[in-house]
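The structure under discussion appears below in the form of structure tokens.
Whatever order the structure lists ligands and atoms in, that order sets their numbers, starting from 1. Both backbone and side-chain heavy atoms feed into the values below; hydrogens, waters and symmetry mates do not.
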Amino acid sequence: MLRGKNAVITGSTSGIGLAIADALAAAGVNIMTNGLGSEADNRDAIDQIARHGTDVLFSPANMLQPKQIADMMETAERELGSVDLLVNNAGIQHVSPIEEFPIEKWDAIIAINLTAAFHTIRLAVPGMKRRKWGRIINTASAHSLVASPFKSAYVSTKHGLAGLTKTVALETAEFGITCNCVSPGYVWTPLVENQLADTAKARGISQDEVKTNVMLASQPTREFVTVEQVAELMTFLCSEGAASITGTNFSIDGGWTAQ
Ligand code: NAD
């Protein structure tokens, strides 16, 4: 049922985004993949997605830049023919006490994690409405439901994404479009690996202690969520079976937010 549809997936050259691009391509979807760096820098990720035989385009659009986002969406419509599925997944993190939080980091996190989704959604919705079909998925986080210290900007954007998701769901419900967010707990990806050092510094503990006493301590399963598990949930949300699911926030967090 997804075969021949076209998807834009932001931040899909690594981690969770790459896993969802891989899974949707395996289901027959043509993919506009996106991430920082050049096409050559992202060759391995592009080849991984393309091995399923569907069309794969790469956009280096920086989610900090509304003009580049607009160019990416326009190119996807023109070259693929439509944007039927949109996954807003690009995201960054910075860990710091609020009184030391660098202003430019705050601005960048708001722009990449939240404002970029506003831009892609506002540009994708007209075509989806015309075609009376669409799937929008926002990668939120357990931090869309609960907070952790030293992550003020990230937690703010993820709570914001959950609100944006509900609003868009209501505005598009009569047009065959669904909009949901998926909220993973800790998934072992470069984003998580890169925050080990700063979290250790902010909390005054070792990096191993961050892994076991901070990250996995939040998750009753004591296991990292896998990128494949997140991709399977998102693929289901793109299916016809999920046509009545909209405006919802799906936790996939090993029980973290049940506590
Ligand atoms: P990752 O670092 O592995 O991948 C991030 C992707 O975003 C890469 O493709 C990168 O190139 C891209 N990206 C970063 N900045 C960008 C920019 N300015 N413009 C365009 N692309 C940009 O990260 P990940 O862990 O896979 O995270 C993906 C999403 O999942 C993020 O929104 C993150 O907040 C969310 N998330 C991650 C976890 C986790 O534990 N890893 C948990 C909950 C939510």
Side-chain angles (χ1 to χ4, degrees), residues 8-23 31-39 41-46 48-49 58-69 71-73 87-95 104-105 107-117 119-120 137-148 151 153-162 164-165 181-196 199 210-211 214-216 218-219 223-231 233-234 249-254 256-257:
V8 171
I9 308 170
T10 71
S12 49
T13 54
S14 168
I16 294 169
L18 177 55
I20 177 70
D22 197 359
I31 309 284
M32 166 69 89
T33 181
N34 157 259
L36 291 178
S38 67
E39 188 157 350
D41 297 333
N42 291 298
R43 196 69 258 162
D44 288 352
I46 296 166
Q48 181 181 330
I49 304 164
F58 169 74
S59 164
N62 188 328
M63 295 298 112
L64 277 170
Q65 306 290 342
K67 171 78 173 67
Q68 293 184 24
I69 297 172
D71 287 347
M72 175 184 73
M73 297 303 289
V87 183
N88 289 302
N89 175 79
I92 60 166
Q93 172 67 284
H94 183 78
V95 180
E104 60 283 2
K105 287 282 184 202
D107 289 343
I109 292 172
I110 303 288
I112 295 167
N113 294 14
L114 181 57
T115 308
H119 288 299
T120 56
I137 300 175
N138 299 316
T139 307
S141 162
H143 285 122
S144 72
L145 296 164
V146 296
S148 296
K151 295 185 176 178
Y154 188 86
V155 170
S156 301
T157 60
K158 297 301 184 179
H159 276 66
L161 263 184
L164 177 65
T165 299
C181 59
V182 167
S183 287
Y186 281 103
V187 189
W188 190 251
T189 68
L191 180 139
V192 166
E193 202 171 349
N194 292 338
Q195 59 186 281
L196 278 180
T199 306
V210 172
K211 251 191 189 176
V214 179
M215 293 176 171
L216 294 182
S218 318
Q219 295 188 181
E223 306 265 1
F224 284 98
V225 179
T226 69
V227 294
E228 290 81 10
Q229 290 165 350
V230 179
L233 173 57
M234 289 189 179
N249 186 349
F250 283 86
S251 291
I252 175 163
D253 63 7
W256 176 350
T257 54

Students should be able to answer this: which protein heavy-atom is nearest to [atom], and at what distance?
| atom | value |
| --- | --- |
| atom 12 (C) of ligand 1 | G11 CA, 3.6 Å |
| atom 5 (C) of ligand 1 | G91 O, 4.2 Å |
| atom 18 (N) of ligand 1 | N62 OD1, 2.8 Å |
| atom 23 (O) of ligand 1 | L191 CB, 3.3 Å |
| atom 19 (N) of ligand 1 | M63 N, 2.8 Å |
| atom 43 (C) of ligand 1 | P184 O, 3.3 Å |
| atom 3 (O) of ligand 1 | S14 OG, 2.6 Å |
| atom 30 (O) of ligand 1 | T139 CG2, 3.2 Å |

By number and element, which atoms of ligand 1 are closer than 4.0 Å to a non-hydrogen atom of [X]?
| X | answer |
| --- | --- |
| V192 | 39 (C), 40 (O), 41 (N) |
| Y186 | 40 (O) |
| N34 | 20 (C), 21 (N) |
| A61 | 19 (N), 20 (C) |
| G15 | 3 (O), 26 (O) |

Would you say that [X] contacts [Y] through its side chain, given a criterion of any heavy-atom pair below 4.5 Å between the two side chains?
| X | Y | value |
| --- | --- | --- |
| C181 | L161 | no |
| V230 | I20 | no |
| E193 | W188 | yes |

Are any of the N/O atoms in [X] less than 3.5 Å from those in ligand 1?
| X | result |
| --- | --- |
| I16 | yes |
| V187 | yes |
| S141 | no |

Looking only at heavy atoms, is any part of [X] under 4.0 Å from ligand 1, and if so is it the side chain, the backbone, or both, or is it neither?
| X | answer |
| --- | --- |
| T189 | side chain |
| N89 | both |
| T13 | both |
| A140 | backbone |
| T10 | neither |
| Y154 | side chain |
| K158 | side chain |
| A116 | neither |
| S12 | backbone |

Should one rank I112, L36, N138 by closest heavy-atom distance to atom 13 (N) of ligand 1, which comes out on top? L36

Show the nearest heavy-atom pair for residues A19 and A231, with the distance to one decimal.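 Taking A19 first and A231 second, the nearest heavy atoms are O-CB, 3.6 Å.
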
Which pair of non-hydrogen atoms, one from A162 and one from N249, has the smallest distance, and what is that distance?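 Result for this residue pair: CB-ND2, 4.0 Å.
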
Return yes if a side-chain donor-acceptor contact under 3.5 Å exists between Q48 and D22, otherwise no.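 Present: a donor and an acceptor within the cut-off.
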
Look up atom CD1 in I112 and atom CD in Q65, then write down how far apart they are to the nearest 0.5 Å.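 Taking CD1 in I112 and CD in Q65, the distance rounds to 9.5 Å.
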
Nearest 0.5 Å, please: how far is CG in L191 from CD in Q195?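 Q195 CD to L191 CG: 5.5 Å, rounded to 0.5 Å.
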
Report yes or no: does [X] contribute a side-chain atom to a donor-acceptor pair with the main-chain N or O of [Y] at less than 3.5 Å?
| X | Y | value |
| --- | --- | --- |
| S12 | N34 | yes |
| S141 | S183 | no |
| Q219 | Y186 | yes |
| S144 | H159 | no |
| K158 | V146 | no |

Could you label the plane-to-plane angle of the W256 and H143 rings as parallel, tilted or perpendicular, counting under 30° as parallel and over 60° as perpendicular? perpendicular

Hey, which of L216, V95, L196, V192 is the one that makes side chain to side chain contact (heavy atoms under 4.5 Å, CB included) with V210? L196

Testing N113, N88, T120 for side chain to side chain donor-acceptor pair (under 3.5 Å) with N138, which one passes? N88

Any A45 heavy atom less than 4.0 Å from ligand 1: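 Contact check A45 vs ligand 1: negative.
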
